[in-house]
S.K.: 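Following this message is one structure expressed as structure tokens.
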Amino acid sequence: MGLSFYNTLSKSKESFQSIEEGKIKVYTCGPTVYNYVHIGNLRTFLFEDLLIRYLKYLSYQVTHVMNLTDVDDKTIRGAKEKGQALKEYTLFYSEAFFRDLKTLNALPADFYPAATNHIKEMVDLIKILLNKAIAYQTEDGSIYFSIRKFKDYGALSGMKPDNLLDGASGRVSNDEYSKEEMKDFVLWKAYDLEDGDVFWETELGKGRPGWHIECSAMSMKYLGESFDIHCGGIDNAFPHHENEIAQSEAATGKKFVHYWLHSAFLNVNSEKMAKSKKNFYTLKDLLEKDFAPMSIRYSLITTHYRQPLNFSEELIAQSDAALKRVKEFVSSLKYIKTEKRFNGFEKIIQEAREGFVSHMNDDLNISPAMASVFDFIRKVNGLKDELGEKDARQALDFIGEINQVVGVFQFEDEILEEEILNLIEERNQARREKNFKKSDEIRELLLAKGILLKDTKEGTQWQKTS
RNA sequence: GGUGACGUACCCAAGUGGCUAAGGGAGCGGUCUGCAAAACCGCGAUUCACCGGUUCAAAUCCGGUCGUCACCUCCA
């Protein structure tokens, strides 16, 4: 089966076809850098990482752009509270965000454009909308998008103008406007004293951009007026993405994005994890509890991205155990040293690969894709006595291949220091002399150094624990 | 009021018309071991929230009921 995705636009799975052969352009909505991200946010970023990694695995040439929202009400308020310049404040949280991504082994995007570096592009876009009379300026100088003038408004989210509750986005003074206009959203916010020193003097007047316009302006700058995939959390489908479509398509007359992929929420006790509910964990919180980054990554990516995921510490512990199983498998392969070959081993690998790929092709259906990896491991474990070194090498390479996509397995350094090797030998000597007190002491000592020993028929084997 | 998602074993989670309902965790039994730990092997839902209906055949389709969550205001 070929690659297919559930497209929010059509509310159905569609087989994937890139605009340009062999190349895929992806835009993902990044964080608003006003605070540390929580792991609910990170779930979405890791879903996107999984997507990008898989597309690369399929040999597509991927261009990935993730924006940073570094000017909005929250960043302005936060900077003011800390008495910092906006730039200083947002830089701090941007860096924290990048650290989190790195810790969780997400591949860096090709571009991380920040809103404040693209004011010119946004102004140009807004000017086009004004010229087309789709946008209008109000008395205070703010500029709004008239959603009634974009006939397809609501196509993505099903939120048609008539069904929206009143109470527009960012409307300054509600009373002056009719009901319909209240549903319009802001493109450019005229300067307000609350904004302090955050403003730009532009052809549109003194002020700052609305939230939605940045993604239209920046995605089109880096990826073109039409591109392949746009991702984000499901809460961004409305109003953010709906508004992006309206702005972009109204301006260019072209289809903005071909595939919209949205991830479901991470919940805690069946409720959305959110800062306002105070039920969130940051990555730092979890690391301080000694959870391993890869166990956290595994927890966040192995539930299908459109399925709400109920988060718990128990979940990470389960992931930890699952990863241990893979690690144990990988570690044990190095003890297969014989020259023999297992007839048909290629076929076993090929079946596992096909299982993995066919499920990932199906809208990144990772659960059964991983199941085929675990099936492979069980099968090979059962065959170990019949495998030779070259087979083991192939099995290891296969796990490495899968890891290009999932990015959760860690391959240990297969070399031990002389000192450690000597201790293992010393312990074996003690065991031969039935000096178990001494051998147990050495085992404890090595475990404290991160080396786990296992006494098997073939001799003592070791494995690194961290 | 409008829009949408979800309810599968003790926990996590696939499967959306038809072979024995994947896989992981936990548990139990076994193998190995000086012992322990780890690993490996085996076992585990006659049943898919509930009630009707369609069908030769349904967890899967249709209707209804109950329960949970989210969006419509910044939110991954």
Side-chain angles (χ1 to χ4, degrees), chain A residues 8 11 28-32 34 37-48 69 72-74 77 154 157-160 162-171 183 185 211 231-240 242 262-267 269-277 298-299 302-312 314-329 331-332 355 359 362 365-375 377-378 381-382 384 431-432 434-437 439-440 443-444 447 452-458 461 463 465:
Chain A
T8 309
K11 294 186 176 42
T28 57
C29 279
T32 300
Y34 74 108
V37 294
H38 59 63
I39 59 164
N41 303 323
L42 288 168
R43 181 196 188 187
T44 293
F45 299 128
L46 290 184
F47 140 64
E48 291 158 353
T69 300
D72 79 322
D73 292 350
K74 291 191 293 269
R77 194 189 325 122
S157 61
M159 298 292 180
K160 292 293 184 184
D162 288 336
N163 291 337
L164 296 179
L165 292 183
D166 292 328
S169 21
R171 173 63 71 182
K183 292 163 184 165
F185 61 91
W211 173 39
C231 305
I234 188 65
D235 54 344
N236 269 347
F238 188 89
H240 185 52
E242 194 70 61
H262 291 105
S263 58
F265 288 124
L266 183 77
N267 295 328
N269 295 325
S270 299
E271 282 193 332
K272 174 182 175 181
M273 179 176 287
K275 297 238 163 79
S276 55
K277 293 184 180 171
Y298 188 91
S299 299
T302 49
T303 291
H304 184 77
Y305 73 92
R306 283 189 290 109
Q307 190 74 222
L309 170 61
N310 203 26
F311 179 79
S312 65
E314 165 73 15
L315 181 68
I316 308 180
Q318 291 187 2
S319 298
D320 201 54
L323 285 177
K324 226 173 231 164
R325 186 169 152 80
V326 177
K327 188 188 186 106
E328 186 65 36
F329 173 71
S331 176
S332 70
H359 291 296
D362 179 16
N365 198 356
I366 191 159
S367 299
M370 286 308 290
S372 73
V373 175
F374 282 103
D375 282 339
I377 290 174
R378 186 164 9 80
N381 271 328
K384 265 185 195 148
R431 290 181 71 222
R432 280 192 287 274
K434 309 263 186 236
N435 185 352
F436 297 122
K437 184 169 180 291
S439 72
D440 287 353
R443 185 166 62 195
E444 287 300 312
L447 188 60
L452 177 72
L453 295 185
K454 296 180 285 184
D455 301 319
T456 72
K457 270 187 291 200
E458 288 79 29
Q461 301 185 350
Q463 182 190 340
T465 57

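In the text below, chain A, chain B and the rest are named by the order of the sequence lines, each starting its count at 1.
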S.K.: Say we look at U8(B) and A13(B): how far apart would their P atoms be, to the nearest angstrom?
M.R.: 9 Å

S.K.: Taking the C1' atom of each, how far is U47(B) from A59(B), in whole Å?
M.R.: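 About 9 Å, rounded to a whole number of Å.
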
S.K.: Roughly how many Å apart are U68(B) and G27(B), using the P atom of each and rounding to a whole number?
M.R.: 32 Å

S.K.: For Arg77(A), what residues pass the salt bridge (charged side-chain N to carboxylate O under 4.0 Å, His left out) criterion, not counting sequence neighbours?
M.R.: none

S.K.: OP1 or OP2 of C71(B) versus the side-chain N and O atoms of Lys272(A): is any pair under 4.0 Å?
M.R.: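 Looking at the OP1 and OP2 atoms of C71(B), one of them is under 4.0 Å from a side-chain N or O of Lys272(A).
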
S.K.: Please classify the nucleic acid contact of Gly40(A) as base, sugar-phosphate, or nothing, using heavy-atom distances under 4.0 Å.
M.R.: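 Since a base atom lies under 4.0 Å of Gly40(A), the category is base.
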
S.K.: Which value, rounded to the nearest 0.5 Å, describes the distance between Cys29(A) atom SG and Glu48(A) atom CD?
M.R.: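 The CD atom of Glu48(A) is 8.0 Å from SG of Cys29(A), to the nearest 0.5 Å.
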
S.K.: The criterion is ring pair (Phe, Tyr, Trp, His ring centres under 6.0 Å); which residues satisfy it with Phe47(A), sequence neighbours excluded?
M.R.: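 Phe47(A) satisfies ring pair (Phe, Tyr, Trp, His ring centres under 6.0 Å) with Tyr305(A) only.
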
S.K.: If I pick the C1' atom on G15(B) and the same atom on A58(B), what distance separates them, to the nearest angstrom?
M.R.: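 Pairwise C1' distance, A58(B) against G15(B), rounds to 13 Å.
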
S.K.: With sequence neighbours excluded, what pairs up with Asp375(A) under the side-chain hydrogen bond (donor to acceptor under 3.5 Å, both in side chains) test?
M.R.: Arg378(A)

S.K.: Please list each protein N or O that sits under 3.5 Å from an N or O in nucleotides 40-43 of chain B, with the distance.
M.R.:
unit_1: C40(B); atom_1: OP1; unit_2: Arg325(A); atom_2: NH1; d: 3.1
unit_1: C40(B); atom_1: OP1; unit_2: Asn381(A); atom_2: ND2; d: 3.3
unit_1: C40(B); atom_1: OP2; unit_2: Arg325(A); atom_2: NH1; d: 3.4
unit_1: C41(B); atom_1: OP1; unit_2: Arg378(A); atom_2: O; d: 3.3

S.K.: Is there any protein nitrogen or oxygen under 3.5 Å from a nitrogen or oxygen in nucleotides 31-34 of chain B, and what are the pairs?
M.R.:
unit_1: G34(B); atom_1: O6; unit_2: Ser439(A); atom_2: OG; d: 3.4
unit_1: G34(B); atom_1: N1; unit_2: Asp440(A); atom_2: OD1; d: 3.1
unit_1: G34(B); atom_1: N2; unit_2: Asp440(A); atom_2: OD2; d: 3.2

S.K.: List in chain and number order the residues that pass salt bridge (charged side-chain N to carboxylate O under 4.0 Å, His left out) with Lys434(A), two or more places apart in sequence or in another chain; answer none if no residue qualifies.
M.R.: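 Scan of Lys434(A) (salt bridge (charged side-chain N to carboxylate O under 4.0 Å, His left out), adjacent residues dropped) gives none.
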
S.K.: Distance alone, cut at 3.5 Å: any donor-acceptor contact between the side chains of Thr32(A) and Lys74(A)?
M.R.: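 No.
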
S.K.: What are the two closest non-hydrogen atoms of Arg43(A) and Leu266(A), and how far apart are they?
M.R.: NH1-N, 4.2 Å

S.K.: With His359(A), which residues qualify under ring pair (Phe, Tyr, Trp, His ring centres under 6.0 Å), at least two apart?
M.R.: none

S.K.: Identify, between Phe374(A) and Asn365(A), the residue whose nearest nucleotide on RNA chain B lies closer to the 5' end.
M.R.: Asn365(A)

S.K.: Under 4.0 Å: is that the gap between some side-chain N or O of Asn236(A) and OP1 or OP2 of C74(B)?
M.R.: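 Negative; the distance criterion is not met.
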
S.K.: With Asp440(A), which residues qualify under salt bridge (charged side-chain N to carboxylate O under 4.0 Å, His left out), at least two apart?
M.R.: Arg443(A)

S.K.: His304(A) near the nucleic acid: base, sugar-phosphate alone, or nothing, with a heavy-atom cut-off under 4.0 Å?
M.R.: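 Touches sugar-phosphate only.
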
S.K.: Taking the P atom in each of A22(B) and U16(B), what is the distance between them to the nearest angstrom?
M.R.: 13 Å

S.K.: Nearest nucleotide by nearest heavy atom, which residue falls closer to the 5' end of RNA chain B, Asn41(A) or Met370(A)?
M.R.: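 Counting from the 5' end, the first nearest nucleotide belongs to Met370(A).
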
S.K.: Who are the side-chain hydrogen bond (donor to acceptor under 3.5 Å, both in side chains) partners of Glu444(A), not counting sequence neighbours?
M.R.: none

S.K.: Rounding to an integer number of angstrom, what distance separates U20(B) and U46(B) when you compare their P atoms?
M.R.: 16 Å

S.K.: Under 4.0 Å, counting only non-hydrogen atoms across every strand here, what does Leu447(A) touch: a base, just sugar-phosphate, or nothing?
M.R.: nothing

S.K.: Which residues satisfy the side chain to side chain contact (heavy atoms under 4.5 Å, CB included) test with Ser372(A), sequence neighbours excluded?
M.R.: Phe356(A)

S.K.: Ring pair (Phe, Tyr, Trp, His ring centres under 6.0 Å) with Phe311(A): which residues, sequence neighbours excluded?
M.R.: Tyr281(A)

S.K.: In whole angstrom, give me the gap between the C1' atoms of U3(B) and C11(B).
M.R.: 32 Å

S.K.: Who is the Watson-Crick or G-U wobble partner of G63(B), with both distances under 3.5 Å?
M.R.: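 Pair assignment: G63(B) / C51(B).
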
S.K.: Using a cut-off of under 3.5 Å, enumerate the N/O to N/O pairs linking the protein to nucleotides 7-11 of chain B.
M.R.:
unit_1: C11(B); atom_1: O2; unit_2: Gln318(A); atom_2: NE2; d: 3.1

